[in-house]
Protein chains: 2
Amino acid sequence: MSRSPTPKRRATLASLAAELKVSRTTISNAYNRPDQLSAELRDRILTAAKRLGYAGPDPVARSLRTRKAGAVGLVITEPLTYSFSDPAALNFVAGLAETCEETGQGLLLVAVGPSRTVEEGSAAVLSAGVDGFVVYAAADDDPFLELVLDRQLPVVIVDQPPEVPGASRVGIDDRAAMRELAEYVIGLGHRDIGLLTMRLGRERLSEAERQAALVGPDRLRDTHFRAQRERIAGVHEAMAAAGLDPEKLTIVESFEHDSISGGTAAELALTTDPRITALMCTADVLALSAMDYLRARGIYVPGQITVTGFDGVPEALKRGLTTVVQPSFEKGRRAGNLLLNPPGSGLPVLDILPTELVRGRTAGPPG
Amino acid sequence: MSRSPTPKRRATLASLAAELKVSRTTISNAYNRPDQLSAELRDRILTAAKRLGYAGPDPVARSLRTRKAGAVGLVITEPLTYSFSDPAALNFVAGLAETCEETGQGLLLVAVGPSRTVEEGSAAVLSAGVDGFVVYAAADDDPFLELVLDRQLPVVIVDQPPEVPGASRVGIDDRAAMRELAEYVIGLGHRDIGLLTMRLGRERLSEAERQAALVGPDRLRDTHFRAQRERIAGVHEAMAAAGLDPEKLTIVESFEHDSISGGTAAELALTTDPRITALMCTADVLALSAMDYLRARGIYVPGQITVTGFDGVPEALKRGLTTVVQPSFEKGRRAGNLLLNPPGSGLPVLDILPTELVRGRTAGPPG
DNA sequence: ATGAAAGCGCTAACAG
DNA sequence: CTGTTAGCGCTTTCAT
């Protein structure tokens, strides 16, 4: 594990060439096109390189020349803790990472969460040395999206927002999936439903404001996250189709992502409308937390309250949650593929992946 | 959300300068040193830039010039699924990501898992445009470590291996932590102990070979992962100190990381030595899986079998596992800080973080 | 406050 | 198989 003494000035391809009295091309070829020179000469070069502490062509200089960075950027507009605490998000990243690994690309995490100012986040986006971007779960009005688009690189949008000109998109049919689930719940006989959602806007809230909150018509209309909006619409549609008044749906918004936030939201919903017999959630993490809360209160699921989720994360499946399973990992893979091997046409693609309704053990007739 | 029509040739700083008949320096200043030119001129430049679809200085060219990439590389030598399925590893990444976010650096995931050949992995390391590397949980003989070192960039090693010249290291005292835990277990009265470990070598195994395996003296001596080695040593030391024969410790190695692998390993240990009354595990994920297995078999914990873990992941704590809590997130933060703000001395640092023994509900006297 | 000149380290023709 | 010639797009003294 010993290293050659560091030279005063880092060796470069040119200095190596001078040292060996060959041309720079030859050195370059030794690394990039081994078949373009004799094995013998190549060996001599590699040996000298090792001696001089030359680790091969500088990646940055090469990138400048070849116009390829060998990495894709993942823009995460949520606070980091979000992405790392929701298994669905994580699985997405894992899928993307897998595609990158397979194709030898790096995956650059560009964090532009609320902890930074817009200026700082912009710098991060503008200074990312990548060949393209994947934007995950951005709000419709996310300021960084514009910035990413400005870079004029290939972009793949995941889940939201909708319809960005020139960008491919991968996602699921959130509305249809949620509608099917709601139809199932309503079919079970539920009339009074509570819906727990993730945050609906991207405003920066203080610690204190980040409590669960009731969602009124105004807030609902002002929802900036497409997926949430669509899932809510799915429930509304199912209610309307069943002759229920969509207005009666009690919606609670959760701003946090931790293990108790779902419980807090559930409590608010149940307090607001004590007749609620079913709590639907737009994310499994919310549902699992809500179940913990209910259990602690001695409320039996599904005997007294039906609970449903969305995502199909492993823990939810393990605990028998009735939910919609979406292929998060595959979404990551697809996003990566779309970016790395764009379809021949060059035209943007809309890739809608299938979901599956899983009837678990947490939904039953009203108690 | 409309974009200016893409020009035939991407706008550059130079083309903008020509267009506006100012020097390149001025354009550069407009972006990098706003105070070096009149607000008026700057506005004119920025407006023209927008019109021409110029998104600001090319990050790669800037990197070449300034010798700063604005990103740190994280070299993950495990298969990706590992890192994304172990909450401890994940938390580490989250901590590192947080530091990066705070300092406006990108985090480049360089995957060099076994799914790629050494050649391919090498290319990934050699072509990463970063200012430094964090190497997480590498084996002593990991081939990529050399490569990373060759790049002559700052390097921070996490957990293992030990003693890389010139590199700072952050980790915990694995041996002492495990010894303390073992002392506790032995103190409870256990004499026959089984130890479930993660893989001990970095050989590439076929699907079929990746079953749990008994670890004999040879394999033990050939352990290439420092942390595992140290934790095992900790148990040995505690046994010796208590007058027990360390040779009697039944050690089982698990090659997988999924939700059943701990159970498979537990089964093998228990079959090998039916007198075992305590199963110690070098990772919580193993212990949790083992507990699932025992429960399925109707074996009561801790009544019939004591189970302990290592790491202190949230689920383990929630389930009352007796374990060692280590500050995974903080490790990530420290690693990032060491890389981004190296200590003034310039000398490598060894940063050993504290751990805490948590006496949960899964350890008791032998049944 | 602005400009001219000099390279950062490399690769891609193309010619020999 | 090897060398020559031209930049890739930018920042940075140093002058003006």
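Lettering follows sequence order; numbering is per chain, from 1.
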- Looking only at side-chain N and O atoms, does A:Ser28 come under 4.0 Å of OP1 or OP2 in C:dC10? no
- Note on the structure: For A:Tyr136, the ring-ring contact (aromatic ring centres under 6.0 Å, His included) test, sequence neighbours excluded, returns A:Phe92
- Interatomic distance where CZ belongs to B:Arg62 and C1' belongs to C:dG9 [whole Å]: 18 Å
- Task: Could you state the atom-to-atom distance from CG of B:Leu13 to C1' of D:dC8 in whole Å?
- Result: 13 Å
- Looking at residues at least two apart in the chain, or sitting in another chain, which of them share a ring-ring contact (aromatic ring centres under 6.0 Å, His included) with B:Tyr31? B:Tyr54
Nucleotides 1-5 of chain D: which of its N/O atoms have a protein N/O under 3.5 Å away?
from  : atom 1 : to      : atom 2 : distance (Å)
D:dC1 : OP2    : A:Asp35 : O      : 3.3
D:dG3 : OP2    : A:Ser23 : N      : 2.7
D:dG3 : OP2    : A:Thr26 : OG1    : 3.0
D:dT4 : O4     : A:Thr25 : OG1    : 2.6

- Contacts of A:Arg334 that satisfy side-chain hydrogen bond (donor to acceptor under 3.5 Å, both in side chains) - sequence neighbours left out: A:Glu330, A:Asp351
- Could I get the full list of side-chain hydrogen bond (donor to acceptor under 3.5 Å, both in side chains) partners for B:Thr99, not counting sequence neighbours? none
- Message: My understanding is that only residues two or more places apart in sequence, or in another chain, count here; which of them pass ring-ring contact (aromatic ring centres under 6.0 Å, His included) with A:Phe144?
- Response: none
- Message: Looking at B:Arg33, I'd like to know whether one of its side-chain N or O atoms comes within less than 4.0 Å of OP1 or OP2 on D:dT11.
- Response: no
- Tell me what A:Arg42 touches on the nucleic acid: a base, only sugar-phosphate, or nothing, going by heavy atoms under 4.0 Å. nothing
- Atom-pair distance (CG on A:Asp58; P on D:dC8), nearest Å: 18 Å
- Item | Nearest-Å distance for atom pair CD/C1', residues B:Glu40 and C:dT2 | 14 Å
- Item | Residues in side-chain hydrogen bond (donor to acceptor under 3.5 Å, both in side chains) contact with B:Arg333, at least two apart in sequence or another chain | B:Glu98, B:Glu102
- Task: Using the test side-chain hydrogen bond (donor to acceptor under 3.5 Å, both in side chains), find all partners of A:Ser28 that sit at least two apart in sequence or belong to another chain.
- Result: A:Asn32
- Round to a whole Å and report the spacing from CG of B:Leu20 to C1' of C:dG3. 15 Å
- Task: Would you kindly give the CG-to-P distance between B:Leu16 and C:dG3, to the nearest whole Å?
- Result: 13 Å
- Message: From CD1 of B:Ile45 over to C1' of C:dT2, roughly how many Å is that when rounded to an integer?
- Response: 10 Å
- Counting only N and O atoms by type, is there a donor-acceptor contact under 3.5 Å from the side chain of B:Ser127 to the main-chain atoms of B:Ala123? yes
- Task: May I ask you to list the residues of residues 64-71 of chain A, by number, that have any heavy atom positioned under 4.0 Å from an atom of DNA chain D?
- Result: A:Leu64, A:Arg65, A:Arg67
- Query: For B:Val60 and B:Asp58, which heavy atoms make the closest approach, and how far apart are they?
  - Reply: N-OD1, 2.6 Å
- Message: So, OP1 or OP2 of C:dG9: does either fall under 4.0 Å of a side-chain N or O from A:Tyr31?
- Response: no
